[in-house]
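Notes follow once the structure below has been shown.
In this text the structure is predicted, and so the values were computed from the model without any measurement. Atoms within a ligand are numbered from 1 in the order they appear, just like the ligands themselves.
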Amino acid sequence: MSKNQKTLAIIFGGTGDLAYRKLYPALYKLYQNDYLNKNFAVIGTARRSWTDDYYREVIVDSIKELKSSDESASEFASHFYYLSHNINDAENYRELLDLAKQLDEKYKLEGNRLFYLSVSPKLFGTIATQLKSGNLLSDTGYNRLLIEKPFGTNLKESNLLDREILKTFTEDEIYRIDHYLGKEMIQAIPMLRFGNPLLKKIWNHHYISNIQVTLAEDIGVEDRGGYYEQSGALRDMVQNHILQVVSLMLMDEPDCYDSQCVCREKITVLKELVSINEDNISEHIVRGQYIESADYPELMAYRSENEVSTDSEVETFVAGKFLSKNKNWKDTPLYFRTGKRMKGKNTQIDIVFKKDLPLLFDDLELSKNVLSIHIGPEEGISFKMNDKKAGMLLDSEAIRLKYKEEGKIPDDYERLLLNALEANKTSFVHAEEVSESWKHIDAIRAAWKDNKNPIEFYPVMTNGPKKAFELLEKNGHEWIWD
Ligand code: BG6
């Protein structure tokens with residue numbers, strides 16, 4: 001892997017929360033590990049009128065817990081420049097171009113440019129157009145655009161957004177971020193599936209009873225009530241993170257491990273998912289919203305949160321069942337659930353194996369084999385199997401073999417930024433994946449309109465409404481993490 005990436009990163013939204021909490025620390029880690037050293041510069045832009053000095057103080061503050069020394073932090077911060085910017089004003093792009101040229105020269109960046117839009121997606125089109133007309137696209141180096149969800153609020157808007165951006169950047173130059181794809185154990189899925197002959201052989205409906213994807217959070221909507229009222233859990237988590245995980249779990253083995261081959265297989269998964277509509281919605285989806293609980297008097301109901309309507313019908317929880325038309329997955333459901341104010345913060349995938357062969361010890365209570373991929377907060381893998389209980393008698397007990405990742409695990413953004421610098425697109429989302437995902441989400445939302453799938457309420461700090469359990473019980477299954 002080549003070190004010392006030469007680049008000028010231009011961050012729109014440089015004064016924002018994401019930049020402070022995620023991007024600057026991620027850049028610092030890359031810097032500490034020599035992926036960025038002398039030849040990089042960052043221009044932060046936003047409306048506020050900050051000076052370079054003030055901006056650099058903010059940068060140093062954002063890495064206070066990571067810095068190896070004060071000198072290293074201030075040397076790192078010295079690569080940062082600030083421009084106060086109105087995204088609609090062509091004059092501002094002229095200033096940006098002047099500064100970009102100077103920094104190119106000063107840091108020998110070879111004209112490489114990375115444009116990170118950490119702003120509302122409504123502004124993506126305008127910025128892309130202005131970058132083009134303001135000649136900010138380099139002729140000598142690369143131009144890469146990094147953007148993050150929400151990519152519209154439905155298929156139509158998302159297509160429109162793409163059309164606008166594609167006037168300036170090619171699909172190859174667009175890096176759509178889903179931070180879940182930067183997580184260590186999500187990155188590990190292809191290796192687990194295709195690097196182990198045993199698992200590769202049994203990764204299909206003959207051996208797997210069901211797959212469960214849980215993205216649970218114990219926090220509420222915090223100060224994002226206004227945003228959440230517009231998005232809800234379906235658009236906030238399922239359209240992107242959950243469908244990405246589903247794609248990685250169900251995809252056929254790619255011909256090779258590069259972005260094109262992987263992306264092709266992921267798109268096929270999305271196309272092969274049985275679509276959920278008004279006729280089948282009640283068998284497939286449960287939507288919920290958190291309410292107060294006597295056990296947690298300090299926690300409020302969603303409807304009492306700031307900027308949330310008191311009769312809001314927005315879902316803070318969704319559970320569902322996907323089926324695939326792919327012959328490998330015949331009748332094997334993939335269940336998912338995600339929600340706010342659930343019992344704990346836990347992201348986990350459970351692969352439940354079938355127990356339908358006659359077994360020698362069937363008269364003892366044998367458990368199903370379960371392989372679990374622990375994505376966070378702890379990273380690792382565990383496998384539940386039956387063992388003989390130690391002692392003179394012949395008895396069985398379920399044991400859990402557990403492997404915990406102990407090494408230095410890169411942060412999501414650290415990995416994704418490095419991947420973008422290296423033009424490795426395997427962990428970014430293609431336009432077609434976004435549109436195929438929206439088709440499923442739009443269909444579910446359309447079916448919700450006629451209220452065939454009403455909101456079910458669940459007390460805070462529980463794992464969702466009763467119906468989310470019944471969804472599995474109907475098929476003789478049960479949630480592994482509870
Ligand atoms: C974001 C959602 O995409 O993912 C948030 O907008 C959610 O609502 C977050 O809290 C969860 O991410 P993580 O990495 O903490 O599991």
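With ring centers used as reference points, F322 lies 6.0 Å or more from Y335. For F115 and F12, the ring centers are positioned 6.0 Å apart or more.
Under a 4.0 Å N-O distance rule, the pair E171/R176 qualifies as a salt bridge.
Under 4.0 Å from any atom of ligand 1, one finds heavy atoms of residues K149, H179, Y180, K183, E217, R224, D236, M237, H241, K340, K345.
There is no side-chain donor-acceptor pair under 3.5 Å between N424 and E422. Judged purely by distance below 3.5 Å, without hydrogens or angles, the side chains of Y82 and T15 never pair a donor atom with an acceptor atom.
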Can Y302 and S312 be said to form a side chain to side chain contact (heavy atoms under 4.5 Å, CB included), step by step?
CA-CA 8 Å; Y302 175 66; S312 174; 3.4 Å; yes

